[in-house]
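Here's the structure we're looking at; comments come further down.
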Amino acid sequence: MKNLKENFMKDKNRYITALVLICALVALLWINNTILVWLVLGILFLIGLKESLKLYHIDENYKFYAVALVIWILALLHSRPIEVGIVACMALAGYVAYKQNLNSRLLLPFLYPTIPFLALYSVYLDFKVDGIWWLILVIVCCDSGAYFGGKAFGKNKLSPTSPNKTIEGAIIGLALAVIIGSVVGIWALNVNFFISIVFCIIVGVSGIFGDLYESYLKRKAGLKDSGSIFPGHGGVLDRLDALLFGAIAMHFLRFDVWQNTIDPSLIPNFIQ
């Protein structure tokens, strides 16, 4: 009991921040206002962009925020937000080529985290609140299962990028995400059980890679955290890395796209 109290006091800020973030998330999704969600995600996006400049060793410039703001406003006005980011990247790449004296590394913040944030907003538009809750559930299950499973059974390192992560932990986390997420997905995503399992596996694996990618950027930049906006948790990208990659996968797997791009005659009857 004494050790438990000591551990709690040691990480008190982390627990308090987590509680505040959970309450804020619940309130945001309970209100379920598109403009409000867009605004909150936009603020997080701009903060994440600022953090990414530090991770990429790029000097801050107001032009980055101006372009990011234009992209985010266009995302509100366009029916397919993620395409706004793709077109913006194309235009920026053309500008870099035209100027010739600009480093192509300047494009990196508009790939990550810009595209993933647009994907997260697209997931909200496509799947509504239920889909967002499902995405969060899968990522949290995968992350929590990997953490505790790795502590209990982890022996083999998953990647040199993140020495604390283990293969056993990743498998346990993914299994937990599939077990819980596949059942919830039938209702939340309005898909059958098989499709729900496929969604869980791909989104869960994508979340693991998102976590690894953020760890890779921090290791290359010589930083412990991407930022310090959340006491005990680090920055925006520290908290949303897995969610952002998971959102890209979920946007790709959007069910109406699945239906419209795959010939039904090629799908076995038990899947349809």
Side-chain angles (χ1 to χ4, degrees), residues 6-31 36-58 60 64-65 68-69 72 108-109 112-121 123-124 129 132-133 135-148 150-151 161-165 169 173 177 203 206-248:
E6 289 177 352
N7 289 333
F8 175 80
M9 293 304 295
K10 181 180 178 181
D11 293 329
K12 182 173 65 173
N13 288 341
R14 182 178 181 86
Y15 294 121
I16 293 174
T17 301
L19 180 61
V20 171
L21 290 176
I22 291 171
C23 291
L25 176 64
V26 170
L28 177 65
L29 296 181
W30 181 74
I31 295 171
L36 182 60
V37 171
W38 170 84
L39 180 61
V40 172
L41 281 179
I43 293 172
L44 293 176
F45 163 52
L46 291 176
I47 297 172
L49 183 77
K50 177 181 174 65
E51 293 174 359
S52 74
L53 296 178
K54 184 168 55 175
L55 293 175
Y56 293 129
H57 294 292
I58 297 174
E60 280 195 55
F64 282 103
Y65 302 105
L69 190 58
W72 201 251
L108 291 175
Y112 177 86
T114 301
I115 296 294
F117 265 103
L118 290 169
L120 186 57
Y121 180 55
V123 167
Y124 169 74
V129 172
I132 289 291
W133 278 124
L135 174 61
I136 294 172
L137 173 68
V138 170
I139 295 300
V140 168
C141 285
C142 201
D143 188 56
S144 300
Y147 177 79
F148 291 107
K151 288 285 187 182
T161 298
S162 187
N164 293 328
K165 293 180 175 58
V203 169
S206 298
I208 293 173
F209 282 123
D211 200 343
L212 281 177
Y213 182 65
E214 180 68 15
S215 296
Y216 167 77
L217 291 180
K218 289 187 291 188
R219 184 173 291 272
K220 293 285 285 185
L223 298 172
K224 181 178 182 296
D225 296 314
S226 65
S228 57
I229 189 172
F230 300 130
H233 288 260
V236 167
L237 298 182
D238 289 313
R239 288 303 87 212
L240 300 183
D241 49 8
L243 192 68
L244 292 173
F245 268 54
I248 293 178

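Only one option out of Leu46, Leu49, Leu118, Ile43 pairs with Trp72 in a side-chain contact (heavy atoms from CB on, under 4.5 Å); it is Leu118. Applying the side-chain contact (heavy atoms from CB on, under 4.5 Å) test between Val37 and each of Leu39, Leu41, Val40 identifies Leu41 as the sole match.
With rounding to the nearest 0.5 Å, the separation of CZ in Arg239 from CG in Leu21 is 8.5 Å. To the nearest 0.5 Å, atoms OG (Ser52) and CD (Glu214) are separated by 9.5 Å. Note that the NZ atom of Lys54 and the CG atom of Asp225 stand 8.5 Å from one another [nearest 0.5 Å]. Between the NZ atom of Lys50 and the OG atom of Ser226 there is a distance of 12.0 Å, given to the nearest 0.5 Å. Atom CD1 of Ile136 is separated from atom SG of Cys141 by 11.5 Å, given to the nearest 0.5 angstrom. To the nearest 0.5 Å, the span separating CG on Leu120 from CD1 on Ile132 amounts to 5.0 Å.
Considering only residues two or more places apart in sequence or on other chains, Thr161 meets the side chain to side chain donor-acceptor pair (under 3.5 Å) condition with Ser159. Listed by chain and residue number, Lys218 satisfy the salt bridge (charged side-chain N to carboxylate O under 4.0 Å, His left out) test with Asp238 (two or more places apart in sequence, or in another chain). Partners of Tyr65 according to the side chain to side chain donor-acceptor pair (under 3.5 Å) rule, which considers only residues two or more places apart in sequence or in another chain, are Glu60. Partners of Lys165 under the salt bridge (charged side-chain N to carboxylate O under 4.0 Å, His left out) rule, at least two apart in sequence or in another chain, are Asp211. Phe117 meets the ring-ring contact (aromatic ring centres under 6.0 Å, His included) test with Phe45; sequence neighbours excluded.
The minimum heavy-atom distance linking His57 with Ala221 is given by the pair NE2-CA, 3.5 Å. Heavy-atom minimum distance, Leu237 versus Glu51: N-OE1, 3.0 Å. When all heavy atoms are compared, the tightest approach of Leu212 to Ser162 is CD2-CB, 3.8 Å. Nearest heavy atom pair, residue Gly207 against residue Ile139, reads CA-CD1, 3.9 Å.
Taking the side chain as every heavy atom from C-beta outward, Cys142 and Ile208 approach each other to under 4.5 Å. Using a 4.5 Å cut-off on side-chain heavy atoms (C-beta onward), Pro163 and Arg219 make contact. Counting heavy atoms from C-beta on, the side chains of Pro231 and Ile16 never come closer than 4.5 Å. Residues Pro109 and Leu53 form a side-chain contact, since some pair of their non-hydrogen atoms from C-beta on lies under 4.5 Å apart.
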- Task: Could you go through the side chain to side chain contact (heavy atoms under 4.5 Å, CB included) check for Leu25 and Trp133 one step at a time?
- Result: CA-CA 10 Å; Leu25 176 64; Trp133 278 124; 3.9 Å; yes
- CA sep, side-chain torsions, deciding dist, call: Leu108, Leu55, side chain to side chain contact (heavy atoms under 4.5 Å, CB included): CA-CA 10 Å; Leu108 291 175; Leu55 293 175; over 6 Å; no
Under 3.5 Å, sequence neighbours excluded: what are the donor-acceptor pairs made by side chains of residues 240-247?
none

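With a 6.0 Å radius and a threshold of 12 heavy atoms from other residues, nucleotides or ligands, Phe230 has its CZ atom above the threshold. Atom OH of Tyr56 is surrounded by more than 12 heavy atoms from other residues, nucleotides or ligands within 6.0 Å.
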